[in-house]
Participant: 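Below you'll find the structure I mean.
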Number of protein chains: 2
Amino acid sequence: MDEDVLSTPGHLISQAARGFARLSEARLKPMGFGVGHLPVLVALGEGRADSQRGLARFAKIEQSSMAQMLNRMERDGLIRRVPDPSDGRSSLISLTDAALARMPEACEVLFQGNRDALAGFSDQEAAQLVDLLNRLIANLDRLVASPSEGE
Amino acid sequence: MDEDVLSTPGHLISQAARGFARLSEARLKPMGFGVGHLPVLVALGEGRADSQRGLARFAKIEQSSMAQMLNRMERDGLIRRVPDPSDGRSSLISLTDAALARMPEACEVLFQGNRDALAGFSDQEAAQLVDLLNRLIANLDRLVASPSEGE
DNA sequence: GTTTTATATATAGCTACCTATATAATGCAG
DNA sequence: CTGCATTATATAGGTAGCTATATATAAAAC
């Protein structure tokens, strides 16, 4: 009876996420990227954010997590931080040429990983999965914001 | 064009997994559990495994990850390890009374978390989500086993 | 009965998250 | 123009996973 706590969507999603992460990690590593880099690459590449805070909000992770992520990416030569002339607390973050050059390939690898993972899914099923996930995420965002569940 | 790499199932699943983990963590912590404990509790509680290797296989994580998990659970008084009399390399792992006593409540909390997260889902939609996730996981398991994708 | 191979666990070191707290610069009140 | 609140970043320490490698015991080969 308590066994099927492992058949709940929550547990299945965590397993799927680990599977995806392992696959993506394995494929991105040879080109010098990690699975957490992508939101940063996209945000910087499209000018959607250029501060640590902005990147954290874009990636929907905590500021402290982004700080460490950026430390690793700077160490690995993917980004660069220059002091913001208009705000002494802040740095302006930008992609290095190396990161920019390798980005399209990284995106392609991720798209391919998704195609591989969705093998056997009809277009309709893939679309439904995305829809259900988006609704789930919206619910979870609401719940984490106010941990008192229900309504 | 590369922005929607963040709208792929892979990325959405990772966001959903983090949301679930944060929610479950917050609710389990007050009763002394963590989100990774559940497979161990279930496996031990139902006699599905009693060695580290067996637990790792059951939980579908690596042996080294399970070793650390068990270290933390032992430290926190949730499990106990006694040397296996019939195999000098191995320990027999069992739940403490404290863990056993709190387990049903933990399962209930997780079931409730799933109900909360699936608010607005019809039964049919919830079932479809589970089905799609199971197929996704099967694909990913296959892919990780042989990283040479497609066919 | 040794020697080899396989298995069980342990350990080192990494990513990517988290919470909580400290520090420094900004901006606004007074 | 000073002092307080706010904001941006940094740091400490934790969980849960990973890979890779070491060690000890067991089992199989010879």
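Protein chains get the first letters and strands the later ones, always in sequence-line order, with residue 1 at the start of each.
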Participant: Between C1' on dA16(C) and CE on M66(A), what's the gap in Å once rounded to a whole number?
Facilitator: 11 Å
Participant: Any Lys/Arg nitrogen of R22(A) or D141(B) sitting under 4.0 Å from an Asp/Glu carboxylate oxygen of the other?
Facilitator: no
Participant: Rounded to whole Å, please give me the gap between CG in L70(B) and P in dA16(D).
Facilitator: 12 Å
Participant: Send over the distance from I61(A) CD1 to dC17(C) P, rounded to a whole Å.
Facilitator: 5 Å
Participant: Of G34(A) and S51(B), whose nearest nucleotide on DNA chain C comes first from the 5' end?
Facilitator: S51(B)
Participant: Please check if the side chain of R18(A) supplies one atom and the backbone of I13(A) the other of a donor-acceptor pair under 3.5 Å.
Facilitator: no
Participant: Check every atom of dT9(C), dA8(C), dG17(D) against the side chain of M69(B) and return the nucleotide holding the closest atom.
Facilitator: dG17(D)
Participant: Would you indicate which nucleotide in dT19(D), dA16(C), dA16(D) comes nearest to any side-chain atom of E25(A)?
Facilitator: dA16(C)
Participant: For R22(A) and dG17(D), is the shortest distance between a side-chain N/O and OP1 or OP2 below 4.0 Å?
Facilitator: no
Participant: Expressed in angstrom and rounded to an integer, what is the separation of Q63(B) atom CD from dA10(C) atom C1'?
Facilitator: 7 Å
Participant: What's the CZ-P distance between F33(B) and dA16(D), to the nearest Å?
Facilitator: 12 Å
Participant: Does I93(B) offer a backbone N or O that forms a donor-acceptor pair with the side chain of D50(B) under 3.5 Å?
Facilitator: no
Participant: Does the distance from a Lys or Arg side-chain N to an Asp or Glu carboxylate O, for R115(B) and E108(B), drop under 4.0 Å?
Facilitator: yes
Participant: Which listed nucleotide (dA10(D), dA12(C), dT15(C)) is nearest to the side chain of S64(B)?
Facilitator: dA12(C)
Participant: Among residues at least two apart in sequence or on other chains, which ones pass side chain to side chain contact (heavy atoms under 4.5 Å, CB included) with A56(A)?
Facilitator: M66(A)
Participant: With a 3.5 Å distance limit and no angle check, can you tell me whether S14(B) reaches the backbone of A17(A) through a side-chain donor-acceptor pair?
Facilitator: no
Participant: Check the phosphate of dC18(D) against S65(B), side-chain N and O only, distance under 4.0 Å to OP1 or OP2. Yes or no?
Facilitator: yes
Participant: Hey, is the side chain of R81(A) poking within less than 4.0 Å of OP1 or OP2 on dT9(D), counting only N and O atoms?
Facilitator: no
Participant: Map R18(A) and A67(A) onto DNA chain D by nearest heavy atom, then report which one ends up closer to the 5' terminus.
Facilitator: A67(A)
Participant: Where along residues 84-100 of chain A does a heavy atom fall under 4.0 Å from DNA chain C?
Facilitator: D87(A), G88(A), R89(A)
Participant: Given dA16(D), dT19(C), dC17(C), which nucleotide is nearest the side-chain atoms of E62(A)?
Facilitator: dT19(C)
Participant: Look at the side-chain N and O atoms of R72(B) and state whether any lies under 4.0 Å from the OP1 or OP2 oxygen of dG13(D).
Facilitator: no
Participant: With a 4.0 Å cut-off, would you call E74(B) and R80(B) a salt bridge?
Facilitator: no
Participant: Rounded off to whole Å, could you give me the CD1-to-P distance for the I79(B) and dT9(C) pair?
Facilitator: 11 Å
Participant: Can you tell me the distance, in whole Å, between the CD atom of Q52(A) and the P atom of dA25(C)?
Facilitator: 16 Å
Participant: Below the 4.0 Å mark, does dT9(D) have OP1 or OP2 next to a side-chain nitrogen or oxygen of Q68(A)?
Facilitator: no
Participant: With respect to the side chain of H37(A), which nucleotide from dT9(C), dT19(D), dA16(C) is positioned closest?
Facilitator: dA16(C)
Participant: How many angstroms lie between atom CD of Q15(A) and atom CG of L136(B), to the nearest 0.5 angstrom?
Facilitator: 11.0 Å
Participant: How long is the line joining CD1 of I13(B) and P of dA16(C), in whole Å?
Facilitator: 18 Å
